[in-house]
Amino acid sequence: GENVEQHPSTLSVQEGDSAVIKCTYSDSASNYFPWYKQELGKGPQLIIDIRSNVGEKKDQRIAVTLNKTAKHFSLHITETQPEDSAVYFCASMDSNYQLIWGAGTKLIIKP
Amino acid sequence: ETGVTQTPRHLVMGMTNKKSLKCEQHLGHNAMYWYKQSAKKPLELMFVYSLEERVENNSVPSRFSPECPNSSHLFLHLHTLQPEDSALYLCASSRQGQASSGNTIYFGEGSWLTVV
């Protein structure tokens, strides 16, 4: 079955710098890859997603890149701000059309 | 406010107790989910209901029993739980029960469960 690995588990960056979180997946048939952000005391919330027919997608300071050959995708956050501090989860769709999730990355923005 | 409301937010129960978690969605969605979230682990999908029919059950122990009386409400009935079942239980909903672009999953804030 599908397996998703996410790195790093914790990432600390200076405010204003960029942050990159990486995920790898195992099922080459996967074609949908969302990223969710979970703030303290809240449930995860979709921030950006990408389909396999696209290599990159941007939304203001957030971008996601996909390398289908290598089976990995990454979340890029530029000009980080304190409100970016949260846990970020990647996911990949399995053969049953359900999401398989990474273990999460705790992003800490240092002032 | 995501449109998915979970109660209670916190629950402490003994191993011999019977309790229930409740979820309600106000988004007009047709699919509802229960997830288990443990520290530093991936979200674990427990159950999926689509149009009130269970379509996914990921080998969850029978001490967890879901109920979906209509497309807006979802329950998780708990009995004879173990301490290792202590976790955050997240309810979610989406327009349809299959992951895809445009079918965003909306999560509630979760119910923190502690089994003593």
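Computed from a prediction, not measured in an experiment: that's the story for all the values here. Just so we're on the same page: letters track the sequence lines, and every chain starts at 1.
- Expressed to the nearest 0.5 Å, how far OH of B:Y33 lies from CG of A:L99 amounts to 7.5 Å.
- Both B:Y89 and B:M32 belong to a single network of hydrophobic side chains, linked directly or stepwise wherever heavy atoms of I, L, V, M, F, W or Y lie under 4.5 Å apart.
- Around the CD atom of A:E79, the shell of radius 6.0 Å holds no more than 12 heavy atoms that belong to other residues, nucleotides or ligands.
- When hydrophobic clusters are built by joining Ile, Leu, Val, Met, Phe, Trp and Tyr residues whose side-chain heavy atoms come closer than 4.5 Å, directly or via intermediates, A:V13 is grouped together with A:I62.
- Neither A:V87 nor A:I47 shares a network with the other; the hydrophobic side chains, linked directly or stepwise wherever heavy atoms of I, L, V, M, F, W or Y lie under 4.5 Å apart, form separate groups for each.
- Sparse packing is recorded around CD of B:E53, with 12 or fewer heavy atoms of other residues, nucleotides or ligands lying under 6.0 Å away.
- Cluster annotation: B:L76 is not connected to B:Y106 through the hydrophobic network of ILVMFWY side chains, with a link wherever side-chain heavy atoms come within less than 4.5 Å.
- Between the OH atom in A:Y97 and the CG atom in B:N103 there is a gap of 13.0 Å [rounded to 0.5 Å].
- No more than 12 heavy-atom neighbours from other residues, nucleotides or ligands sit within 6.0 angstrom of CD on A:Q60.
- The minimum heavy-atom distance linking A:Q98 with B:G97 is given by the pair NE2-O, 2.7 Å.
- What you find for B:P42 and A:W101 is that their closest heavy atoms are CB-O, 3.1 Å.
- For chain A, no part of B:E44 is nearby; none of its heavy atoms comes within less than 4.5 Å.
- In the hydrophobic clustering of ILVMFWY residues, with side-chain heavy atoms under 4.5 Å counting as a link, A:F89 and A:V4 come out apart.
- The two residues B:L90 and A:G43 come nearest to each other via the heavy atoms CD2-CA, 4.2 Å.
- Pairing each heavy atom of B:I105 with each of A:Y36, the nearest pair is N-OH, 3.1 Å.
- Between A:G41 and B:E109, the closest heavy-atom pair is O-CB, 3.9 Å.
- Residue B:S100 touches chain A through its backbone alone, counting heavy-atom pairs closer than 4.5 Å.
- The interface of residues 17-28 of chain B with chain A, defined by heavy-atom distances below 4.5 Å, is empty.
- Of the atoms belonging to B:V4, not a single heavy atom falls under 4.5 Å from chain A.
- For B:L43, the parts lying under 4.5 angstrom from a heavy atom of chain A are both the backbone and the side chain.
- You'll find the side chain of A:Q38 reaches within 4.5 Å of the side chain of B:L88, heavy atoms only.
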